[in-house]
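Below is one structure, written out as structure tokens, with a few remarks after it.
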Amino acid sequence: TLAQAAPLDLSFPKDFVFGCATAAYQIEGAVAEDGRGRSNWDVFAHTPGKIANGDTGDVACDSYHRYPQDIALLRDLGVGAYRFSIAWPRIFPDGRGKPNAKGVAYYDRLVDALLAAGITPHATMFHWDYPAALPGGWQNRDTAYALADYAGYMAGELSDRVKHIMTVNELRCFTDLSHKEGLHAPGLKLPPAGVNQVRHHGVLAHGLAVQAIRAQAKPGTQVGIADNMIAFTPVMETPEHIAAAQKATRIENAMFLTAVMEGRYLDEYLAQEGAAAPKVKDGDMAIIASPLDFVSLNVYTPEWVRADDGPKGYKVVPHVASSPRMASPWLVVGPEAAYWTVRNVSEMWKPKALYISENGASADDTLAGDRVDDADRVMYLRGYLSQFRRAAVEGYPLKGYFLWSLMDNFEWADGYSKRFGIHYVDFASQRRVPKLSARWYREVIRRNRIV
Ligand code: PNW
């Protein structure tokens, strides 16, 4: 007979935080209520041809009204934390000036209800919806200062109860996807110099917001960023390929997280952009590198990297038709990306703490009676969570994981055609139905191990 090895221990460190994530424009609806100003995303979604099926966030999951029900879903899952974002246009309808008390009151109610349910709130200040009244949007340097004023104000309002605050979500999405590729609001395709300037304003806004939050928040408030640096992953775990993936992580994210962590733009980036490099004022880089209490990462798609003899020392291996994908064409599956993002960031920049602010997947869900058997999403989540667990048990400072998303919602340019939720939302009736993945996540949380 075969000798029986000890069973694999798949448990998480004690105190590991499990949560779910959402964002304001994707779930709230109520876009004209209680004095909310118009946002860039209202304008974009109401421009014909920009969003699949002409969908908008006008109603979304109606969470502005149904948040008690959504908190009940979180409670049923047994999560310890919830990541939500604050809609800037609810707080400063015109971008700056006098705060709108009714908008602030909504987030007071939400936070109080979360705490009453025993759920720790983690707030993102900017998850892509900004007041449309701000002249020039991210092309205008002033927007970075306006964001900091808003973030500082909200930190002052909430930090007696909200102890984890993220400045911005995904630098690359609200800069490149929005101003280079034209796929997200405001839908621009700027030339390289324009794109680089927008990127600079993005990281500057983050740094200014860190300082404003620290100035106005209660002591003990943890400040971080939620970024989606490209998840470079070695094609195999041997020293040369591991080194290549780490090098790619630093260089290819030079205009984003590398600048935030190191306080300078790498020579490689500046040389590559030449005359199109961003215009930087004295003192900007020190602001951008304001010290953080934690770094949060959104992890989805791996970019495979191999060692190479060329001048760069690494080569990115392109995705091909046979690369496994979930229901969004960009969502290539590669659970090892989870482990390597945590390890690369930890080894290079030594953050005090790390969180995963998003991980999850779209799937072709069908509601049959009251069931959605999304076994493929469970497979995806199990694979990624196993690799995050690996990083945590090896001692990298990974403190928690937020699953994207609590429920199906407005998936930006894909509208309601792509579902990322672990709760199914019937957008006609607003009924929420827990999918198989919600049952799975609940067992993971209850047992504190991979199931
Ligand atoms: C993230 N891409 O966005 C966002 O933070 C969420 O708001 C979003 O719903 C979630 O991931 C799922 O998409 C991304 O095209 C959007 O590579 C697009 C891409 C990546 C992330």
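When reading the values below, keep in mind they use all heavy atoms of this one structure, side chains included, and skip hydrogens, waters and symmetry mates. Just follow the structure's listing: the first ligand is 1, and inside any ligand the first atom is 1. Keep in mind it's a predicted model, so treat the numbers as computed, not measured.
A salt bridge (charged side-chain N to carboxylate O under 4.0 Å, His left out) check over residues 325-345, counting only residues at least two apart or in different chains, returns the pairs Arg343-Glu347. Annotation: salt bridge (charged side-chain N to carboxylate O under 4.0 Å, His left out) contacts involving residues 58-74, sequence neighbours excluded, comprise Asp62-Arg66, Asp70-Arg432.
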Tabulated below should be the N or O atoms of ligand 1 paired with protein N or O atoms at under 3.5 Å; can you produce that?
unit_1: ligand 1; atom_1: 3 (O); unit_2: Glu170; atom_2: OE1; d: 3.2
unit_1: ligand 1; atom_1: 5 (O); unit_2: His127; atom_2: NE2; d: 3.3
unit_1: ligand 1; atom_1: 5 (O); unit_2: Asn169; atom_2: ND2; d: 2.9
unit_1: ligand 1; atom_1: 5 (O); unit_2: Glu170; atom_2: OE1; d: 3.4
unit_1: ligand 1; atom_1: 5 (O); unit_2: Glu170; atom_2: OE2; d: 3.4
unit_1: ligand 1; atom_1: 5 (O); unit_2: Glu358; atom_2: OE1; d: 3.0
unit_1: ligand 1; atom_1: 5 (O); unit_2: Glu358; atom_2: OE2; d: 2.8
unit_1: ligand 1; atom_1: 7 (O); unit_2: Gln26; atom_2: OE1; d: 2.7
unit_1: ligand 1; atom_1: 7 (O); unit_2: His127; atom_2: NE2; d: 2.9
unit_1: ligand 1; atom_1: 7 (O); unit_2: Trp412; atom_2: NE1; d: 2.8
unit_1: ligand 1; atom_1: 9 (O); unit_2: Gln26; atom_2: NE2; d: 2.9
unit_1: ligand 1; atom_1: 9 (O); unit_2: Trp404; atom_2: NE1; d: 3.2
unit_1: ligand 1; atom_1: 9 (O); unit_2: Glu411; atom_2: OE1; d: 2.6
unit_1: ligand 1; atom_1: 11 (O); unit_2: Tyr300; atom_2: OH; d: 3.2
unit_1: ligand 1; atom_1: 11 (O); unit_2: Glu358; atom_2: OE1; d: 3.2
unit_1: ligand 1; atom_1: 13 (O); unit_2: Glu411; atom_2: OE2; d: 2.5

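Aromatic ring orientation, Phe44 versus Trp41: perpendicular (interplanar angle above 60°, classes split at 30° and 60°).
Inspection of the Arg214 and Gln211 side chains reveals no N or O donor paired with an N or O acceptor under 3.5 Å. A donor and an acceptor atom, one from each side chain of Asn253 and Arg172, are located under 3.5 Å apart.
With sequence neighbours excluded, no residue forms a side-chain hydrogen bond (donor to acceptor under 3.5 Å, both in side chains) with Tyr130.
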